[in-house]
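Following: one structure in structure tokens, then a few remarks.
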Amino acid sequence: MIRISNTMTRTKEEFVPLTPGEVRMYVCGVTVYDYSHIGHARSAIVFDVIRRYLTFKGYRVTFVKNYTDVDDRIIRRANEAGVSAREYAERFIAAEREDMASLGVLAPDIDPKATEHVAEMIELVERLVDDGHAYPVEGDVYFAISSFPPYGRLSGRNLDELLAGARVEVDERKRDPRDFALWKGAKPGEPYWDSPWGPGRPGWHIECSAMAMKYLGPSFDLHGGGEDLIFPHHECEIAQAEACTGKPFARYWAHNGMVNMGKEKMSKSLGNTLNINEMVTRHSPDALRLWMLGTHYRNMLEWSEERVVESARALERLTRLRHDAAAVRAGGAPASLPPAFAEFRPRFEKAMDDDFNTPQALGVLFDFGRGLAEARDRGGAPAAFVAGVDELVQLARVLGLFGRDAAPDGPPPEVQRLLAARGEARARRDFKRGDEIRDEIARLGWLVEDTPAGPRLTPKGR
RNA sequence: GGCGGCGUAGCCAAGUGGCUAAGGCGGAGGUCUGCAAAACCUCUACUCAGCGGUUCGAAUCCGCUCGCCGCCUCCA
């Protein structure tokens, strides 16, 4: 049984999908006006892991993640750059896809763009207007908050507090200052679509309601995103969707914590971001992922290059096991998982079942790793060791780690030649020469270690 | 001001009523080695921000205090 923290109820609840054996989930993607940063990476990795785990548990998962490709900032920056908004957005959509692939994040089943669903949004707005939930004013359309009493439930605020809040913008044309835009009339120089209210473009919130319902139906299982989207974005999504269909929108709401730079949230508006494309040149995707998953997804995570380096170091112990297993795999017949290693999968699942507790799940993996290393050093049954490593890798892959095969490239002939020469020198007990050759091999990028079974070559930086 | 969250070892971080307070990094000692590296073993929080309270029993529940963060505006 999977339990999940539901932002809507603020409790951990048993996860029961609407259709047995099937999960439909929607996650809010990025607004594509700049490169994606570490904060976006966290959200992506968190929901990637949730998706992978649900799949691992046997659910048929449909995963939708959108692109917001029309927005004030896209338009402004595209104008500055002298290209169309569409062209500008496409550039960053391509970059985002590359970034996600480089992080080992699985592509969504569907990744709809807002601009390709304007018709659905117009239809949704029309229905809201017809039903008295929305009203047009001079080419704009606003959602009438007073027509939807549950507004504020997700974020835990009541309508009076919102009014009292100092930062509600005053717009005389709105009936109520808390009303929000569903449709924005086009200003000169802006891209637009024709609508019953004149040329314009959709508001931000409406796109997610429209696309989620188009691909997942009026009611679906899990809606995710960063916790900074709870209000107003997700609140508005609910209002639009439920006012329109009269059906409950998402059953469970999951929100990931922010990545902080120092004490402050990393965000594009604060200008303190670290882009993914730069980070993946400095750190392996697995190190970044291990670092992120070492903190529960709902907690704040402070950026620290040192922590990532530590994670890379921790990872090496497990990576070593993979290499060692690969080295002996060729030898014997495959074995089934020995009983000594049977405890780890249930422990792993127990951790993950409890609101996707990746820090605890990783603890299990490291315990497993210790057990395997011990078995390896004891000698004995290599096939059992290999079977154990296979199990470990399977579990790690549920977290998106070890996506690439261990099969290392063999050492180049030059390195092999040097290794043989070193062996001869050492046999003569000419350790000085041996050490020189070891340094030479190191310069070629390979680490030499002497084990009871002979020298072992490992490519550096793995 | 309103709403939500956090404060656990040198650092990071699980644990949210009762076995020895996970795991990672770092540190100390040991085994192995020509040396090294790696690996393995042992040790590294009598204590969970502070103070009260509830309870047979609390890091875990309640209250207060202190410190920090997020949202209330675009934001993953």
Side-chain angles (χ1 to χ4, degrees), chain A residues 7 10 12 27-31 33-34 36-47 65 68 71-73 152 155-158 160-162 164-169 204 224-233 235 255-260 262-270 273 290-291 293-296 298-302 304 306-317 320-321 323-324 347 351 354 357-370 372-378 426 429-432 434-435 438-439 442 447-452 455-456 458:
Chain A
T7 307
R10 277 137 223 251
K12 236 185 256 183
V27 174
C28 286
V30 289
T31 301
Y33 70 96
D34 207 338
S36 298
H37 57 69
I38 296 294
H40 300 122
R42 185 179 193 197
S43 184
I45 286 174
V46 161
F47 291 103
K65 183 174 175 178
T68 298
D71 151 275
D72 290 342
R73 290 156 302 181
S155 54
R157 45 199 93 195
N158 64 52
D160 297 337
E161 281 165 1
L162 285 173
R167 296 203 270 178
V168 177
E169 69 179 276
W204 177 37
E227 68 180 3
D228 55 350
L229 298 183
I230 295 171
F231 188 90
H233 186 54
E235 201 71 75
H255 292 98
N256 63 278
M258 298 292 100
V259 175
N260 277 198
K263 289 292 183 191
E264 265 186 336
K265 171 184 166 184
M266 179 184 290
S267 85
K268 285 185 273 196
S269 50
L270 288 172
T273 58
L290 184 66
W291 164 64
L293 298 181
T295 297
H296 187 92
R298 275 181 295 121
N299 294 151
M300 185 271 279
L301 175 60
E302 190 176 317
S304 162
E306 267 177 57
R307 293 291 95 70
V308 179
V309 171
E310 281 178 9
S311 299
R313 217 168 291 154
L315 208 51
E316 275 174 34
R317 252 171 57 210
R320 169 75 62 198
L321 291 167
H323 285 300
D324 292 344
R347 282 176 57 196
D354 185 13
N357 193 333
T358 54
Q360 201 160 67
L362 287 169
V364 174
L365 259 33
F366 281 104
D367 279 347
F368 195 172
R370 197 179 313 116
L372 286 165
E374 204 179 336
R376 173 198 57 198
D377 291 352
R378 212 189 307 119
R426 293 181 75 231
R429 301 200 57 85
D430 181 358
F431 295 118
K432 186 164 175 294
D435 290 350
R438 182 165 64 193
D439 291 343
L447 179 69
V448 183
E449 296 166 313
D450 297 307
T451 71
R456 168 165 64 192
T458 314

Between A:Asp450 (side chain) and A:Pro455 (backbone), is there a donor-acceptor pair under 3.5 Å?
no
Which listed nucleotide (B:C69, B:A36, B:A76) is nearest to the side chain of A:Met258?
B:A76
Within this structure, what is the CZ-to-C1' distance between A:Arg317 and B:A37, rounded to whole angstrom?
16 Å
Listed nucleotide nearest any side-chain atom of A:Arg157, set B:A76, B:G2, B:A14
B:G2
Under 4.0 Å, counting only non-hydrogen atoms across every strand here, what does A:Glu306 touch: a base, just sugar-phosphate, or nothing?
nothing
Which of B:G2, B:C25, B:A36 is nearest the side chain of A:Glu310? It is B:C25
Which part of the nucleic acid, if any, lies within contact of A:Asp71, taking any heavy atom under 4.0 Å across all strands shown: a base, the sugar-phosphate backbone alone, or nothing?
nothing
Quick one: is A:Lys432 getting a side-chain N or O under 4.0 Å of the B:G34 phosphate, OP1 or OP2?
no
How far does the C1' atom of B:U60 sit from the matching atom of B:G53, given to the nearest Å?
15 Å
Do A:Arg376 and A:Arg320 have side-chain heavy atoms sitting under 4.5 Å apart?
yes
Return yes if some donor-acceptor pair links the side-chain N/O of A:Glu227 with the main-chain N/O of A:Gly257 below 3.5 Å, else return no.
no
State whether the number of non-hydrogen atoms from other residues, nucleotides or ligands found under 6.0 Å of A:Glu449 atom CD is greater than 12.
yes
For B:G23, is there a stacking contact with A:Phe366, counting only centres under 5.5 Å and planes under 30°?
no
A:Asp34 and A:Arg73: CA distance, side-chain angles, deciding distance, salt bridge (Lys or Arg N to Asp or Glu O under 4.0 Å) verdict
CA-CA 9 Å; A:Asp34 207 338; A:Arg73 290 156 302 181; over 6 Å; no
I would like to know whether A:Trp291 and A:Ile38 meet side-chain contact (heavy atoms from CB on, under 4.5 Å); could you show each step before the answer?
CA-CA 12 Å; A:Trp291 164 64; A:Ile38 296 294; 4.1 Å; yes
If we take the P atom in both B:C25 and B:U16, what is their distance in whole Å?
24 Å
Check every atom of B:C11, B:C25, B:C40 against the side chain of A:Arg307 and return the nucleotide holding the closest atom.
B:C11
Distance between P atoms of B:U47 and B:A22 (Å, rounded)
15 Å
Spacing of the P atoms in B:G1 and B:C64 (rounded, Å):
15 Å
For B:C43, the Watson-Crick or wobble partner whose two distances fall under 3.5 Å:
B:G27
Options B:A13, B:G15, B:G24, nucleotide nearest the side-chain atoms of A:Gln360:
B:G15
Which part of the nucleic acid, if any, lies within contact of A:Asn299, taking any heavy atom under 4.0 Å across all strands shown: a base, the sugar-phosphate backbone alone, or nothing?
sugar-phosphate
Describe the nucleic acid contact of A:Arg426 in one word from base, sugar-phosphate, nothing, applying a heavy-atom distance below 4.0 Å.
base
By the Watson-Crick or G-U definition, both distances under 3.5 Å, B:U60 is matched with none
Would you kindly give the NE2-to-P distance between A:His323 and B:A38, to the nearest whole Å?
15 Å
Can you tell me, in whole Å, how much space there is between the C1' of B:G27 and that of B:C66?
32 Å
Options B:C74, B:C69, B:G15, nucleotide nearest the side-chain atoms of A:Met300:
B:C69
NZ of A:Lys268 to OH of A:Tyr33: how many Å apart, nearest 0.5 Å?
4.0 Å
Under 4.0 angstrom, heavy atoms only, what part of the nucleic acid is A:Val27 near: base, sugar-phosphate, or nothing?
nothing
For a quick check, tell me whether the side chain of A:Asn357 and the base of B:G15 share a donor-acceptor pair closer than 3.5 Å.
no
CG of A:Leu321 versus C1' of B:A39: gap in Å, rounded?
9 Å
The side chain of A:His40 is closest to which nucleotide in this list: B:A76, B:A13, B:C40?
B:A76
Rounded distance in Å between the P positions of B:G5 and B:C12
23 Å
Pairing partner of B:G1 (Watson-Crick or G-U wobble, both distances under 3.5 Å):
B:C72
I need the CZ-P distance between A:Arg376 and B:A39, as an integer number of Å.
8 Å
Looking across every strand, which nucleic acid part, if any, lies under 4.0 Å from A:Ser311 by heavy atom: base, sugar-phosphate, or nothing?
nothing
Would you indicate what A:Glu227 reaches in the nucleic acid, counting non-hydrogen atoms under 4.0 angstrom: base, sugar-phosphate, or nothing?
sugar-phosphate
In whole Å, I'd like the distance from the CD atom of A:Glu235 to the C1' atom of B:G4.
13 Å
Which is true for A:Gly434 with a 4.0 Å heavy-atom rule: it touches a base, it touches only sugar-phosphate, or it touches nothing?
nothing
Side chain of A:Asn260 (C-beta onward), nearest among B:C69, B:A76, B:C40
B:C69
Going by purine N1 to pyrimidine N3 plus the second Watson-Crick contact, or the G-U wobble pair, all under 3.5 Å, which nucleotide sits opposite B:G7?
B:C66
Is there a Watson-Crick or G-U wobble partner for B:C19 with both distances under 3.5 Å, and if so, which one is it?
none
Listed nucleotide nearest any side-chain atom of A:Glu449, set B:C25, B:A38, B:G15
B:A38
Output the rounded distance in Å from CG (A:Asp377) to C1' (B:U31).
11 Å
So A:Gly294, base contact, sugar-phosphate only, or nothing? Heavy-atom distance under 4.0 Å.
sugar-phosphate
Whole angstroms only, please: what is the CZ-C1' distance between A:Arg313 and B:G26?
8 Å
What does A:His233 touch in the nucleic acid at a heavy-atom separation under 4.0 angstrom: a base, only the sugar-phosphate, or nothing?
nothing
Report the nucleotide, chosen from B:G24, B:A13, B:A39, that has the shortest atom-to-atom distance to any side-chain atom of A:Ala373.
B:A39
A:Arg313/A:Glu310 ion pair, N-O < 4.0 Å:
no
Go through the steps to decide whether A:Phe366 and A:Arg317 satisfy the test side-chain contact (heavy atoms from CB on, under 4.5 Å), and finish with yes or no.
CA-CA 9 Å; A:Phe366 281 104; A:Arg317 252 171 57 210; 4.2 Å; yes
So what does A:Ile230 hit on the nucleic acid, given a heavy-atom distance under 4.0 Å: a base, only sugar-phosphate, or nothing?
nothing
When the C1' atoms of B:C48 and B:C6 are compared, how many Å lie between them, rounded to an integer?
14 Å
Is the shortest side-chain N/O distance from A:Arg298 to OP1 or OP2 of B:G4 below 4.0 Å?
no
For A:Val46, answer base if it contacts any base atom (sugar-phosphate contacts may also be present), sugar-phosphate if it contacts only those atoms, and nothing otherwise; contact means non-hydrogen atoms under 4.0 Å.
nothing
Given the C1' atoms of B:C3 and B:C11, what is the spacing between them in whole Å?
32 Å
Please work out if A:Arg438 contacts a base, only the sugar-phosphate, or nothing of the nucleic acid, heavy-atom cut-off 4.0 Å.
base
Enter the distance from A:Leu229:CG to A:Ser43:OG here, rounded to the nearest 0.5 Å.
7.5 Å
Touch check for A:Asp324, heavy atoms < 4.0 angstrom, all strands: base, sugar-phosphate only, or nothing?
nothing
Rounded distance (Å) that lies between atom P of B:G4 and atom NZ of A:Lys265:
19 Å
Across all strands, who's sitting opposite B:C32 as a Watson-Crick or G-U wobble pair, both distances under 3.5 Å?
none
